[in-house]
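One structure is given below, encoded as C-alpha cells.
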Protein chains: 2
Amino acid sequence: MFFLKSGRLRMQRVTPDGGTVSLHIVRPGETCAEPSLFSSRYHCDMLAETDAEVWLFPKKELVDSLRGNPESLWDFAGGLARGLQGMRQRYELKQIRSAPERVLQLLRLRCDDSGAYRTSGSLKDMAAELGLTHEALYRAMAALERSRRIRRSADLLQILPTKPE
Amino acid sequence: MFFLKSGRLRMQRVTPDGGTVSLHIVRPGETCAEPSLFSSRYHCDMLAETDAEVWLFPKKELVDSLRGNPESLWDFAGGLARGLQGMRQRYELKQIRSAPERVLQLLRLRCDDSGAYRTSGSLKDMAAELGLTHEALYRAMAALERSRRIRRSADLLQILPTKPE
DNA sequence: TTCTTCATGTGACTGCAATCATAAATCCCG
DNA sequence: CGGGATTTATGATTGCAGTCACATGAAGAA
C-alpha cells in the first residue's frame, strides 16, 4: 500500500489486445492499493505521469497497526467507502454513450455550488478520465459551447442553466 | 445499510436524459450501501427484480456496533475493499470497446481454473452487467463461437485456448 | 390444448465515436 | 530569440454497437 505525497500517478492495466485501460488517476493526498491488504495478489500497473513522491507501507506492519487501532481502522474504512462511491460515479459516467452528455455529467459531479469547474491538468487528461479520445472531447466541448450549455474561459468551465421552454 | 437474504436487487441511477444506469446487481449474501455509513446522503435507486428478503440495519446502531468491535470492523473493511476491486474490474471491462473482447474479458475474470463459466441468470442479465444490449451480446457470442474462441453448451461457457501461430 | 409472456436469436439500417490526417497555437528549453 | 514537443483543435472516413423489426422456442397459465 502507498500514499501519494506529490505528483500524479496513473493506475492502469493492459488489455489482452494491447490497449491500456486507465483505472484511476491518483492525486496527492490519496492512498492506494487498499484491496491488496485483504487479498494476497493484486495486479495492475502504476505509472508515474510526473515526478512523484510516494510513501510505501509494508503490508504486514500496516495491517498490524490498523488491527491494533480501531480509530484509524474506522478512518481507513471510510476511505475505502469513499473510493467505492467515486468508482461507482465513474462507472455511471461510462454508461452514458453520448460524448457531450458524458462531459456534462462529469461537470455536474465535479463542479462547485456555483456550477463552475476549474480544469486540473490538460484536456487530454480529462479525456482519458472520461474514457474518450481527445478529439471526441474537443468536439463535445465545442458542441456544448455552440448550443450554450456550457461556457469556457481559460481553464474554467461553467454549466449554463438550461433555458425553460 | 442492508443485507440481502434472498432475491435479486438492481442498484441503479437515472441519468439526466432519462436513461437508467445499472450500477450493481446485488445477490444473496451481499451487503450494500456501505458508503452511506460515512456520508450523510446517498443517492441511488434500489430495484427488486424478484421477490426479495432484505435485512435493514439502522445506521446508528450499526456504526456503534462496528466501532465497538474491531474484528467485525476489519471484516467490514475487507468487504469494502473487495467491492472496490470488483467495481474496478467492471470499470475496466467498460473500457473495452469491442463487444466480443468485452465478453471474453468477463469470462476471463469469472471463469474457474479450467476456463469454464456457468452462467447465472439469463443472457439478458449478463448483457446488462456487461453494459451491452442483448442483441449485441448474442452476436458477440455467436462470433466468438464461430471463430472458435469459446464453446457453449447449455449454460456452460468455456474459453478455448488461442492457437499458437 | 391454446394463449401469453419472455428469452433467444438474426437481419437491416443508422448514428456516433474512433481513427487518420493535418494544422494552428502554446509551452518549454537552450 | 528560435525550434522541437505538446496541446488544442477540425475535417474526412470508417467500424461497430445501438436500434428497430421480426421469427422461433420454451415456460406457465387458463
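Reminder, nothing fancy here: chain letters follow the sequence lines and each chain counts from 1.
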Within one Ile-Leu-Val-Met-Phe-Trp-Tyr cluster: B/L137 and B/L109, side-chain cutoff 4.5 Å
yes
Take the protein atom CD of A/Q95 and the nucleotide atom P of D/dG18, then report the distance between them rounded to whole Å.
10 Å
Distance in angstrom units between A/L137 CG and D/dT7 P, rounded:
13 Å
A/R110: what forms a side-chain hydrogen bond (donor to acceptor under 3.5 Å, both in side chains) with it, not counting sequence neighbours?
A/E129
Base, sugar-phosphate alone, or nothing: which one does B/G131 contact when heavy atoms must sit under 4.0 Å apart?
sugar-phosphate
Rounded to whole angstrom units, what separation is found between the OH atom of B/Y138 and the P atom of D/dG18?
14 Å
Where along nucleotides 20-27 of chain D does protein come under 4.0 Å, by heavy atom, of base (B) or sugar-phosphate alone (S), with - for untouched nucleotides?
B-------
According to salt bridge (Lys or Arg N to Asp or Glu O under 4.0 Å), who are the partners of B/R118, at least two apart in sequence or on a separate chain?
B/D155
Degree of bending in the helix from C/dT1-D/dA30 to C/dG30-D/dC1 once both end axes are built from five pairs, to 10°
40°
Can you pull the contact range of chain A along DNA chain C, 5' to 3', using atoms under 4.0 angstrom from its heavy atoms?
C/dA17 to C/dC20
Partners meeting side-chain hydrogen bond (donor to acceptor under 3.5 Å, both in side chains) with B/Q85 (sequence neighbours left out):
none
Can you check whether B/T133 has a side-chain N or O nearer than 4.0 Å to OP1 or OP2 of D/dA17?
no
Output all residues satisfying ring pair (Phe, Tyr, Trp, His ring centres under 6.0 Å) with A/Y138, sequence neighbours left out; order by chain, then residue number.
A/H134
At 4.0 Å (heavy atoms only), tell me whether A/R152 reaches a base, stays on the sugar-phosphate, or touches nothing.
sugar-phosphate
Would you kindly give the CE-to-P distance between B/M141 and D/dA17, to the nearest whole Å?
15 Å
B/Y117: what forms a ring pair (Phe, Tyr, Trp, His ring centres under 6.0 Å) with it, not counting sequence neighbours?
none
Which part of the nucleic acid does B/R146 contact within heavy-atom distance under 4.0 Å: base, sugar-phosphate only, or nothing?
nothing
Salt bridge (Lys or Arg N to Asp or Glu O under 4.0 Å) filter on B/R151, not counting sequence neighbours, yields none
Name the residue closer to the 5' end of DNA chain D, choosing between A/D125 and A/R97 according to the nucleotide with the nearest heavy atom.
A/D125
For B/K94 and A/E92: C-alpha separation, side-chain torsions, deciding distance, then whether salt bridge (Lys or Arg N to Asp or Glu O under 4.0 Å) applies.
CA-CA 10 Å; B/K94 301 223 60 166; A/E92 173 184 12; over 6 Å; no
Using the test side-chain hydrogen bond (donor to acceptor under 3.5 Å, both in side chains), find all partners of B/Q158 that sit at least two apart in sequence or belong to another chain.
none
Could you list the donor-acceptor pairs under 3.5 angstrom formed by side chains in residues 54-70 of chain A, with sequence neighbours left out?
from  : atom 1 : to    : atom 2 : distance (Å)
A/K59 : NZ     : A/S36 : O      : 3.2
A/K60 : NZ     : A/D64 : OD2    : 3.0
A/R67 : NH2    : B/E71 : OE1    : 3.0
A/R67 : NH2    : B/E71 : OE2    : 2.8
A/N69 : OD1    : A/E71 : N      : 3.2
A/N69 : OD1    : A/S72 : N      : 3.4

Nearest whole angstrom, please: distance from the C1' of D/dA5 to the NZ of A/K124.
11 Å
For B/D75, salt bridge (Lys or Arg N to Asp or Glu O under 4.0 Å) partners two or more places apart:
none
